[in-house]
Amino acid sequence: MKKALVIIALSISVIACNKPAEVKEVKTAYVDTSLLMKEYTEAKDLESKYKTQAEEKGRQLQAEINRFKQDAASFQSQAQANGQEWAQKRGTELQKREQQLGYAQQQLAQQLQQESGAEMDSLVSGVKKFIKGYGKKNGYSYIYGTGDAATVLYAEDKYDITKEIIKQLNENYKAGEKLESKADDKAKDSTATKK
């Protein structure tokens, strides 16, 4: 009986050893996210838009600041001529104006930061969706990100798909397509083909 069990065990192990193991290839790649954001046309356009807005709104505020500086300079020369009572009253007014200009500068910076931050968050979200759809469509198991917030410490250059992603994102942007809808369509297409 023991011999029969040993023979059965040996035959099972021989059969198991001869059967080739199924190995699924894991396809991976990475994207240099800092390069992507530098080269992606929509990101460049967004940066340019807010730089222009900051310059325009900053010019208006700078004109008010220049007027304040002129008033402050003339205040000093007039203070001696008009007396202490006038100087105190006028000095209080100038301090209030200076505070208001400081608040206006802070508000402008916060407003531009909030607006650009919201649009940039939307852009980044769209890029992530696009890359996810790209990965599904092209059979990637993983696509890593490198750059400023590096999640990959080393990878061979042959796994770098940054230029492909930038090229397709820029083509889609030039064509006027929204990232979310394009990525969703690609994900739906890849899901439909798998079924």
Side-chain angles (χ1 to χ4, degrees), residues 29-79 87-135 143-153 155 160-187:
Y30 71 94
V31 175
D32 184 340
T33 55
S34 60
L35 178 63
L36 177 99
M37 295 313 271
K38 286 177 191 171
E39 299 286 326
Y40 182 29
T41 306
E42 186 175 4
K44 289 183 203 176
D45 289 350
L46 189 62
E47 183 181 337
S48 175
K49 171 185 169 182
Y50 282 100
K51 185 177 179 181
T52 302
Q53 277 188 13
E55 288 171 357
E56 288 173 4
K57 292 179 180 181
R59 271 195 294 267
Q60 296 167 355
L61 191 57
Q62 190 59 44
E64 289 182 43
I65 291 170
N66 290 339
R67 280 193 297 274
F68 169 78
K69 287 180 180 178
Q70 289 173 349
D71 290 347
S74 68
F75 163 77
Q76 290 185 0
S77 62
Q78 293 176 354
Q88 286 178 340
K89 181 181 176 187
R90 185 75 173 132
T92 304
E93 291 173 9
L94 285 174
Q95 284 179 331
K96 286 181 183 177
R97 262 181 73 196
E98 185 177 27
Q99 286 178 336
Q100 289 172 342
L101 288 171
Y103 292 139
Q105 283 179 313
Q106 288 176 342
Q107 281 184 313
L108 176 62
Q110 287 176 345
Q111 177 189 5
L112 289 172
Q113 187 176 16
Q114 287 175 345
E115 290 174 5
S116 67
E119 282 195 60
M120 187 56 79
D121 288 348
S122 176
L123 177 113
V124 168
S125 175
V127 168
K128 285 180 180 178
K129 287 180 182 178
F130 178 85
I131 291 172
K132 184 177 180 179
Y134 179 91
I143 297 179
Y144 300 100
T146 65
D148 295 335
T151 55
V152 175
L153 299 176
D160 185 359
I161 60 170
T162 306
K163 290 182 179 172
E164 293 170 45
I165 296 290
I166 292 170
K167 180 182 176 208
Q168 288 191 13
L169 281 169
N170 285 336
E171 287 173 359
N172 291 351
Y173 179 65
K174 285 178 186 173
E177 297 178 17
K178 288 284 183 196
L179 286 178
E180 291 86 9
S181 62
K182 184 73 173 177
D184 290 344
D185 292 346
K186 288 185 176 185

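Please read these numbers as outputs of a predicted model, since none were measured by experiment. Side-chain atoms are counted along with the backbone in the values below, which use heavy atoms only and exclude waters and symmetry mates.
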Check this for me, if you would: do Glu171 and Lys174 make a salt bridge, where the nitrogen-to-carboxylate-oxygen distance has to be below 4.0 angstrom? no
For the residue pair [X] and [Y], establish whether any side-chain heavy-atom pair is separated by less than 4.5 Å.
| X | Y | result |
| --- | --- | --- |
| Leu169 | Glu42 | no |
| Asp160 | Thr146 | no |
| Tyr144 | Val31 | no |
| Lys132 | Lys128 | no |

With a 6.0 Å cut-off (strictly less than), is the heavy-atom count around CD of Glu47, excluding the residue itself, greater than 12? no
For Lys57, look at atom NZ and say whether over 12 heavy atoms of other residues, nucleotides or ligands are found less than 6.0 Å away. yes
Inter-residue atom distance [X].[atom1] - [Y].[atom2], 0.5 Å rounding:
| X | Y | atom1 | atom2 | result |
| --- | --- | --- | --- | --- |
| Tyr134 | Ile161 | OH | CD1 | 5.0 Å |
| Asn170 | Thr41 | CG | OG1 | 3.0 Å |
| Phe130 | Tyr40 | CZ | OH | 8.5 Å |

For the backbone of Lys44 and the side chain of Ser48, can you confirm whether one donor and one acceptor N or O come within less than 3.5 Å of each other?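 It does not hold such a pair.
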When you measure from the side chain of Thr92 to the backbone of Gln88, do you find a donor-acceptor pair of N or O atoms at a distance under 3.5 Å?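 Side chain of Thr92 to backbone of Gln88, a donor-acceptor pair under 3.5 Å: yes, one is there.
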Residue pairs passing the side-chain hydrogen bond (donor to acceptor under 3.5 Å, both in side chains) test with at least one member in residues 59-72, sequence neighbours excluded, are Gln62-Asn66, Asp71-Arg97
List the residues meeting salt bridge (charged side-chain N to carboxylate O under 4.0 Å, His left out) with Lys49, not counting sequence neighbours, and say none if there are none. Glu119
Looking just at side-chain N and O atoms, do Glu115 and Gln111 make a donor-acceptor pair shorter than 3.5 Å?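 Yes, a side-chain donor-acceptor pair sits under 3.5 Å.
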side-chain contact (heavy atoms from CB on, under 4.5 Å) for Ile143 and Ile165? Distances and angles first, verdict last. CA-CA 11 Å; Ile143 297 179; Ile165 296 290; 5.6 Å; no
Nearest atoms (heavy-atom pairs only) where [X] meets [Y]:
| X | Y | value |
| --- | --- | --- |
| Thr33 | Gly145 | CG2-CA, 4.2 Å |
| Gln53 | Leu112 | OE1-CD2, 3.5 Å |
| Gly58 | Leu108 | N-CD2, 4.0 Å |
| Leu123 | Met37 | CD2-CE, 3.0 Å |

In sequence, state the C-alpha distance, the side-chain angles, and the governing distance for Glu39 and Thr162, and then conclude on side-chain contact (heavy atoms from CB on, under 4.5 Å). CA-CA 10 Å; Glu39 299 286 326; Thr162 306; over 6 Å; no
